[in-house]
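Just so we're on the same page: letters track the sequence lines, and every chain starts at 1.
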Protein chains: 2
Amino acid sequence: MTKKLTIYDIARLAGVSKSTVSRVLTNNASVDPATAQHVRQVMEEHDFVPNFHASAIKGKSPFIGVIVPVLSWDLMSDLLLGLSRAIEASPFEIVLFTCNPAKGYRDILDRILATRMTAGLLVVPFAPVPTELITLYQDGMPVVLIDIVSWRVDLPSVSDDNVGGALAAVNHLLQLGHRRIAYVQGPAELPCYQERYQGYCMALRNAGLEPDSRLFFSGHDLDFNGQAAIEEIVKLPPSVRPTAIFTTSDMSACGVLTSSEEHGIHVPKDLALVSYNDMHLAAHTRPALTTVRQPFQDMGRRAAEMLLSLLNTSDSIHSLNIELPTQLIIRDSCGSSLTV
Amino acid sequence: MTKKLTIYDIARLAGVSKSTVSRVLTNNASVDPATAQHVRQVMEEHDFVPNFHASAIKGKSPFIGVIVPVLSWDLMSDLLLGLSRAIEASPFEIVLFTCNPAKGYRDILDRILATRMTAGLLVVPFAPVPTELITLYQDGMPVVLIDIVSWRVDLPSVSDDNVGGALAAVNHLLQLGHRRIAYVQGPAELPCYQERYQGYCMALRNAGLEPDSRLFFSGHDLDFNGQAAIEEIVKLPPSVRPTAIFTTSDMSACGVLTSSEEHGIHVPKDLALVSYNDMHLAAHTRPALTTVRQPFQDMGRRAAEMLLSLLNTSDSIHSLNIELPTQLIIRDSCGSSLTV
DNA sequence: CTGAAAGCGCTTACAG
DNA sequence: CTGAAAGCGCTTACAG
């Protein structure tokens, strides 16, 4: 194994002291531009890369911690993709922590806190943000939340516009002439669903309509939700039966599709459907889903950029909160092309 | 910020020297069981976690590097999931490197090599395994390949059974009575496709059939592939036209589905379809795909376990190669339930 | 089995 | 602007 060079070797080769080499490495102290240039060249020639761990022990860590819940959701990869692209271009590396939602992130935060392992943290919270994280932030560790659930907390964050997304979705159905639009959501305790419901109500009211509680469906199991909604809907008297349905997640939409098929209900002819997420599968269901695209890749990128800037400026910027717009992707399930 | 404890503090609290504390930390030297127990208890009481970076500078790194190509493929998350579960239970953390396939992994490997940043490496190769990696391994850095492309190289690896998977897929179609089975694959230079083709041929020959070159389709763009195959197939004279099609990736199957629909070809009635991968969307297309499930989560887990054991035994185990079985998931696209 | 001491590769006041 | 020196928190021969 080729002997590893140290700053001492570089110092010797460049004819300076290792203090100077270290200074050009951290470039936070004044070094004569000419010597700096020379040192840099020597490092280049010898493919010198400083030992991360040695730097980290006194200086700052070269790692950015990324804490995500379930990796098995395809949109999580989009998020990781966006964020890793942004970090790739920086001198930092990504340390990935997956968090068993059941266990919570206390363990992980303790470890990070105790070991000063990371310079900053990018976290995708899946439960109310724990006070440990806030403490950590107040103590000087830069943290940026990628908040897809919309937990409100006084920390820098990137989120997406749930109200606006739902508004656009329901407006689209209204424009197609639908008046009775059912609403299906996941666990009611999650703020993102509350916000999407707000958007739904707002759209209806703007059109002079009132939400009908018989058309409201909520439940924990997304997969199952949509199916359950259809089971209820078919029992409704024709006069109150919806002609359209807004599912606040694509998994629910899949349930709606499955169950509709079983009941001989044709989507979109008999029932128009607009969904939420734009998971990869949304383009491949039959009919393909008209759905609100959440900008996960962008959210990842923006969050990483925010963290990187927090890392660069020693003065702690006050809590930034960026909310990214969503986009309605029109495919086949809403029957846009049909006359309703 | 609560003052960080060091082994010196623990030593003082436990009434021993920091050498002893360090020894129980690394537990690779003889320490009196009673004192070890006592020290451990003191650490426990004070929530002591050693500084990773400090350990890493002399001892071994607490990081396992994971190098993956595109994160945007949903099965990649399954892989990460399996591997992170296994590593979670260990004292190691995951450092994630995403590799722009265009750039290749030379840069990354150089960095890892130069900085001794990781104790071991889990890599998902997307291009022929570079010699740097082999050198790294020979120089003592444990490496395990998660080889979904089936690059053959003398390194510990976990892969899946391409020949067997294809064999099962085509056998299933043969059992349903199909005699003319088309074959669609991705880039021919990838060994995994060559192996799947072997399985395809093997199944046909076992049934006394010969592969027909007019039913062979290969191309780089998976998405497009399936569509292109259908375009060709419809031009074929009825006598040679296939009654079934085996696509070696789910993306191609999506293309087949789309294009079939356009041509009024009903899957599975007019054309039975068996695919490969079992991506998440496979269950949600219409018809849902009968497809060969690749055991990505298991592959991740097994690879991590192998690496962990490599990390524990100082004597380098000779190149282990595990090949995991695939499983044919029967859904609707093959028309199992129909009489052909 | 255990301490005192030297050292890992880097950073950072402290002088100049 | 730059060196010599002390130090980060841990590990590991070296004695005992």
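- For the atom pair CD1 (Ile57(B)) and CZ (Phe52(A)), the distance works out to 14.0 Å, reported to the nearest 0.5 Å.
- Remark: Thr131(B) engages no residue in a side chain to side chain donor-acceptor pair (under 3.5 Å) (not counting sequence neighbours).
- Atom NE2 of His53(B) is separated from atom C1' of dC10(C) by 13 Å (rounded to the nearest Å).
- For the side-chain contact (heavy atoms from CB on, under 4.5 Å) test, residues two or more places apart in sequence or in another chain that qualify with Ser159(A) are Asp147(A), Glu323(A).
- The shortest distance between side-chain heavy atoms of Asp9(B) and Phe48(B) does not fall below 4.5 Å.
- Taking Gln297(B) as the reference, nothing meets the side chain to side chain donor-acceptor pair (under 3.5 Å) condition, with sequence neighbours excluded.
- A distance of about 24 Å separates the P atoms of dC14(C) and dC10(C), rounded to the whole Å.
- For Phe52(A) and dC8(C), the CZ to C1' distance is 17 Å, given to the nearest whole Å.
- Among residues two or more places apart in sequence or in another chain, the ring-ring contact (aromatic ring centres under 6.0 Å, His included) test is passed with Phe63(B) by His53(A), Phe63(A).
- Applying the salt bridge (Lys or Arg N to Asp or Glu O under 4.0 Å) test to every pair with at least one member in residues 302-313 of chain B, sequence neighbours left out, gives these pairs: Arg301(B)-Glu305(B).
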Using nucleotides 12-16 of chain C, report all nitrogen or oxygen pairs with the protein that are shorter than 3.5 Å.
unit_1	atom_1	unit_2	atom_2	d
dA13(C)	N6	Arg23(A)	NH2	2.9

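- Stem analysis of DNA chain D (at least three stacked-register Watson-Crick or G-U pairs, each with both distances under 3.5 Å) gives C:1-3 with D:14-16, C:5-12 with D:5-12, C:14-16 with D:1-3.
- Contacts of residues 33-45 of chain B with DNA chain C (heavy atom under 4.0 Å): Thr35(B).
- Taking atom CG of residue Asn51(B) and atom C1' of nucleotide dC10(C), one finds them 13 Å apart after rounding to whole Å.
- Rounded to whole Å, the distance from CG on Leu5(B) to C1' on dC10(D) is 14 Å.
- Taking both residues in full, the closest heavy atoms of Ser22(A) and Ile7(A) are given as CB-CD1, 4.4 Å, listed atom of the first, atom of the second, then distance.
- A sub-4.0 Å separation between OP1 or OP2 of dG9(C) and a side-chain N or O of Ser55(A) is absent.
- Listed by chain and residue number, Gln41(A) satisfy the side chain to side chain donor-acceptor pair (under 3.5 Å) test with Glu45(A) (two or more places apart in sequence, or in another chain).
- Residues forming a side chain to side chain donor-acceptor pair (under 3.5 Å) with Ser150(B) (at least two apart in sequence, or on another chain): Glu195(B).
- Looking only at distances, no side-chain donor or acceptor of Ser90(B) sits under 3.5 Å from a matching main-chain atom of Ala86(B).
- Near-neighbour residues of DNA chain C inside residues 6-17 of chain A, defined by a heavy atom below 4.0 Å, number-ordered: Thr6(A), Ile7(A).
- No option in Ile87(B), Val95(B), Leu96(B) other than Leu96(B) meets the side-chain contact (heavy atoms from CB on, under 4.5 Å) test with Leu96(A).
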Going by atom type alone, with no hydrogens or angles, which donor-acceptor pairs under 3.5 Å involve a side-chain atom of residues 33-40 of chain B and a protein atom two or more places apart or on another chain?
unit_1	atom_1	unit_2	atom_2	d
Thr35(B)	OG1	Asp32(B)	O	2.8

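- Rounded to whole Å, the separation between the C1' atoms of dG16(D) and dT12(D) comes to 16 Å.
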